[in-house]
Amino acid sequence: MPRSDEAQAFFNAVYRAVQEIPRGKVTTYGHIAKLVGTPQRARQVGICLKQLGSSQDNARYNSENVPWQRVISAKGVISPRSEPSGAANQAVALGHDGVTVTIGPLGERMVDFAEYGWFPRILPSEEAQGLVPSDEEDEGDDGEGA
DNA sequence: ACCATGACTGGGG
DNA sequence: ACCCCAGCCATGG
């Protein structure tokens, strides 16, 4: 577990944000970092998910109630890790979510953001609670289409 | 206490 | 378009 209370707060914020990713959708480590207010700490988001244990550990946040599989790299690829089966497990879990994972030329497991990407500016829960400062500004944000 | 190692990323070469 | 690199900072030796 993290050393400081500050770090603990960051971990919890990340877990809560990840819990808001809808089933059948994915987002990036970097986007979660932005959602919790620390855009430079995408790497630490990865550390948070790595720390998730099973529900048997009596931890408030665990691999059962936090959909860790819905977070992938900004390249649209399931991040490889020391344990190769880890990425494979994530692909299986995503498949269970109804997300199609394709295999790239180098064996990378990739997900199409155009179809499965979830990138809100703020957390839906905050919006529902009216915690969002007033922000009625519009600009041509996205406009892609496959 | 110091150093190396990552579930990362955007920018430069 | 691909590779490299400086920030990032929790963990483990």
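Lettering of chains follows the sequences in order, A, B, ..., and the numbering in each one begins at 1. Values below: all heavy atoms of this structure, side chains included; hydrogens, waters and symmetry mates excluded.
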In whole angstroms, the gap separating C1' of C:dT11 from NZ of A:K50 amounts to 8 Å
In whole Å, what is the span from the CD1 atom of A:I47 to the P atom of B:dA7? 10 Å
Considering just the side-chain nitrogens and oxygens of A:S82, establish if one lies under 4.0 Å of OP1 or OP2 belonging to B:dG6. no
We want to know whether A:E20 and A:S125 form a side-chain donor-acceptor pair, criterion being a heavy-atom distance below 3.5 angstrom. yes
Do the rings of A:Y61 and A:Y15 sit parallel, tilted or perpendicular, given the 30° and 60° boundaries? tilted
Give every residue pair that meets the side-chain hydrogen bond (donor to acceptor under 3.5 Å, both in side chains) criterion with at least one member in residues 98-109 of chain A, sequence neighbours excluded. A:T100-A:Y116
Mind checking if A:R41 touches a base, just sugar-phosphate, or nothing, with heavy atoms under 4.0 Å? sugar-phosphate
Taking atom C1' of B:dA7 as reference, at what distance in whole Å does atom CG of A:L94 sit? 13 Å
Are A:Y29 and A:V14 connected in the hydrophobic side-chain network, where two residues link if heavy atoms are under 4.5 Å apart? yes
Test: side-chain hydrogen bond (donor to acceptor under 3.5 Å, both in side chains). Region: residues 75-96 of chain A. Which pairs qualify, not counting sequence neighbours? A:R81-A:Q90, A:E83-A:S85
Value in whole Å for how far the P atom of C:dC8 lies from CZ of A:F11: 17 Å
Rounded to whole angstrom, note down the C1' distance from C:dA10 over to B:dG10. 22 Å
Nonpolar side-chain network containing A:M110, other nodes, edges under 4.5 Å: A:V77
Atom CD of A:E83 to atom P of B:dA7: distance rounded to whole Å? 11 Å
In this structure, how many angstroms lie between the P atom of C:dC9 and the CZ atom of A:F10, rounded? 9 Å
A:F10 six-ring centre to A:R41 NZ/CZ under 6.0 Å and within 45° of normal: yes
Send over the distance from A:Q51 CD to B:dT5 C1', rounded to a whole Å. 13 Å
Under a 4.0 Å heavy-atom criterion, the protein footprint on nucleotides 8-13 of chain B, written with B, S and -, is BS----
Heavy atom of residues 62-70 of chain A under 4.0 Å from DNA chain B: which residues? A:W68
Contacts of A:Q69 meeting side-chain hydrogen bond (donor to acceptor under 3.5 Å, both in side chains) (sequence neighbours excluded), chain-then-number -> A:D97
What's the spacing between A:L123 CG and A:L35 CG if we round to 0.5 Å? 5.0 Å
